[in-house]
Number of protein chains: 2
Amino acid sequence: MIRVMLTDDQNIVLQGIATLLELSEQIEVVGRADSGEACLEQLAAGLRPDVILLDIHMPGMKGMDALREIQANYRIPVIFLTTFDDAYLRQQGAELGAKGLLLKNIALEELVDAISRVAAGANLLNTADLPHTEHMTPRENLIARALAEGRTNKEIARLQNLSPGTVKNYTSNLFSKLGVRNRAEAIVRLKELGLF
Amino acid sequence: MIRVMLTDDQNIVLQGIATLLELSEQIEVVGRADSGEACLEQLAAGLRPDVILLDIHMPGMKGMDALREIQANYRIPVIFLTTFDDAYLRQQGAELGAKGLLLKNIALEELVDAISRVAAGANLLNTADLPHTEHMTPRENLIARALAEGRTNKEIARLQNLSPGTVKNYTSNLFSKLGVRNRAEAIVRLKELGLF
DNA sequence: CGCCACCCATGACAAAGGTCACTTGCCAAA
DNA sequence: TTTGGCAAGTGACCTTTGTCATGGGTGGCG
């Protein structure tokens, strides 16, 4: 039996997937968390699953943030669950050490199969054959977050103690890294990625 | 036994919730669809559930679109499943005839309870005590859709054979109806509502 | 009929957004 | 120690966006 921990902010989804996994008879759900924070708490309390399934898109701490923390403190393989497949997410996830990225519209058998393979040490996100994606610097990350909330440049400048011109430079860089033309498209893209 | 049809684009979520409902012993899941289109097809093929559970946020046909179609052709009560509670969704849903709006982070018992009550004829969305929300005209709806894709005013004008100035007027009206200041916030809001 | 909601449009104006070139300071790797 | 990347900033310049006033046209409804 593979011991799995599941994290998803939507309770009914969390319980639903957990029940499905239990039914597979190959997997035991030993932990359920409804936020990145709750997931980390349970790990801090001593829970040691074989694999962690992590939803990317959650209010508060995002999947990526949680992944960073988990990688920094534990040696437990993490698989992302998300709505959209995306080169950017694969890249970011792989760099941070995630072992897989699975779509939520997947069949149960495929999910179980992927979990088994990762539990056995496999890495389903092979960095080698990923296309190169420029990743964000920490500052850009902050800017991106504010952008994804619909903030204006002026507001972002005030909130982060920068000059408005500087903010424009950052957003401008972000756009080219995201492959978009303006902030509207950037927001759509960021939401699509489930990053913020 | 209450005969329920479930619609959600994410297969693992669809199967998960279905399994949970089945386990409740009070509900029988007689139909599963992974899109609004698929839901309507099954109804057209003669399926007649007692209640339809509909995810609002789906690629392609949205929950609201599906609801419109269902109301136009059948007399089956519809309950929305969504991530965010929101006055706007309640208002729109209620006007189109939905009987309930439930958050996905809800306990199973509450979900079962709500389904039972709606199956028994209850309306959990009482129009009377809803705050008045201005709703979009058909044209505004088209504009909103394009807006939510990150289109510029010029593009929208070209795509819909309007003058750029006209588009600005529509977007401007939209912003005030949505209670936002600019297109960035509008996109955030529309995504939040799961409308596009 | 008159009223209203919706549709479409224009022009003017101010504010916000986006690009570019160029500068400075820091820190880390070669 | 030189080189290079990153953070941070400035100013110029142009485009896009948003608001407002104002004008028509249509079609339904009391």
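In what follows, every heavy atom counts, from backbone to side chain, and hydrogens, waters and symmetry copies are set aside. In what follows, chains are A, B, ... by sequence order, proteins preceding strands, each numbered from 1. All figures in this text were calculated on a predicted structure; none of them were measured in a lab.
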**Outermost nucleotides of DNA chain D that come under 4.0 Å of a non-hydrogen atom of chain A** = D/dA7 to D/dT10
Nucleotide [N], atom [atom2] - distance to [atom1] of [X] in whole Å:
| X | N | atom1 | atom2 | answer |
| --- | --- | --- | --- | --- |
| B/Lys177 | C/dC6 | NZ | P | 6 Å |
| B/Asn173 | C/dC8 | CG | P | 13 Å |
| B/Ile143 | C/dA9 | CD1 | P | 10 Å |
| A/Glu185 | C/dG17 | CD | P | 16 Å |
| A/Ile156 | C/dG18 | CD1 | C1' | 13 Å |
| B/Ile187 | C/dG17 | CD1 | C1' | 13 Å |

Would a distance-only check, ignoring hydrogens and angles, find a side-chain to backbone donor-acceptor pair under 3.5 Å from [X] to [Y]?
| X | Y | answer |
| --- | --- | --- |
| A/Asp55 | A/Thr7 | no |
| B/Glu110 | B/Ala107 | yes |
| B/Ser116 | B/Val112 | yes |

In terms of side-chain geometry, is the basic nitrogen of [X] or [Y] positioned less than 4.0 Å from the acidic oxygen of its partner?
| X | Y | result |
| --- | --- | --- |
| B/Asp8 | B/Arg32 | no |
| B/Asp9 | A/Lys104 | no |
| B/Glu140 | B/Lys177 | yes |
| A/Arg145 | A/Asp65 | yes |
| A/Arg181 | B/Glu155 | yes |

**Along DNA chain C (nearest heavy atom to each residue), the more 5'-positioned of B/Glu140 and A/Ser172** = B/Glu140
**Prompt:** Which of these passes side chain to side chain donor-acceptor pair (under 3.5 Å) with B/Asn153: B/Arg183, B/Lys168, B/Arg158?
**Reply:** B/Arg183
**Item:** OP1 or OP2 of C/dC8 under 4.0 Å from side-chain N/O of B/Thr166
**Value:** no
**Request:** Would you indicate what B/Pro138 reaches in the nucleic acid, counting non-hydrogen atoms under 4.0 angstrom: base, sugar-phosphate, or nothing?
**Result:** sugar-phosphate
**Message:** Need one value for B/Thr137: base, sugar-phosphate or nothing, where a base atom within 4.0 Å counts as base even if backbone is also close, heavy atoms only.
**Reply:** sugar-phosphate
I'd like a list of close polar pairs between nucleotides 12-16 of chain C and the protein, N/O only, cut-off under 3.5 Å.
| unit_1 | atom_1 | unit_2 | atom_2 | d |
| --- | --- | --- | --- | --- |
| C/dA16 | OP2 | A/Lys154 | NZ | 2.9 |

**Validation row: A/Asn105, B/Asp34 side chains within 4.5 angstrom (heavy atoms)** = no
**Prompt:** Would you call B/Ile70 and B/Cys39 a side-chain contact if the rule is heavy atoms closer than 4.5 Å?
**Reply:** yes
**Message:** If a pair means Watson-Crick or G-U wobble with both distances below 3.5 Å, what does DNA chain D look like in dot-bracket form, with | marking bases paired to a different strand?
**Reply:** ||||||||||||||||||||||||||||||
**Request:** Would you kindly check whether a donor in the side chain of B/Asn169 faces an acceptor in the base of C/dC8, or vice versa, at under 3.5 angstrom?
**Result:** no
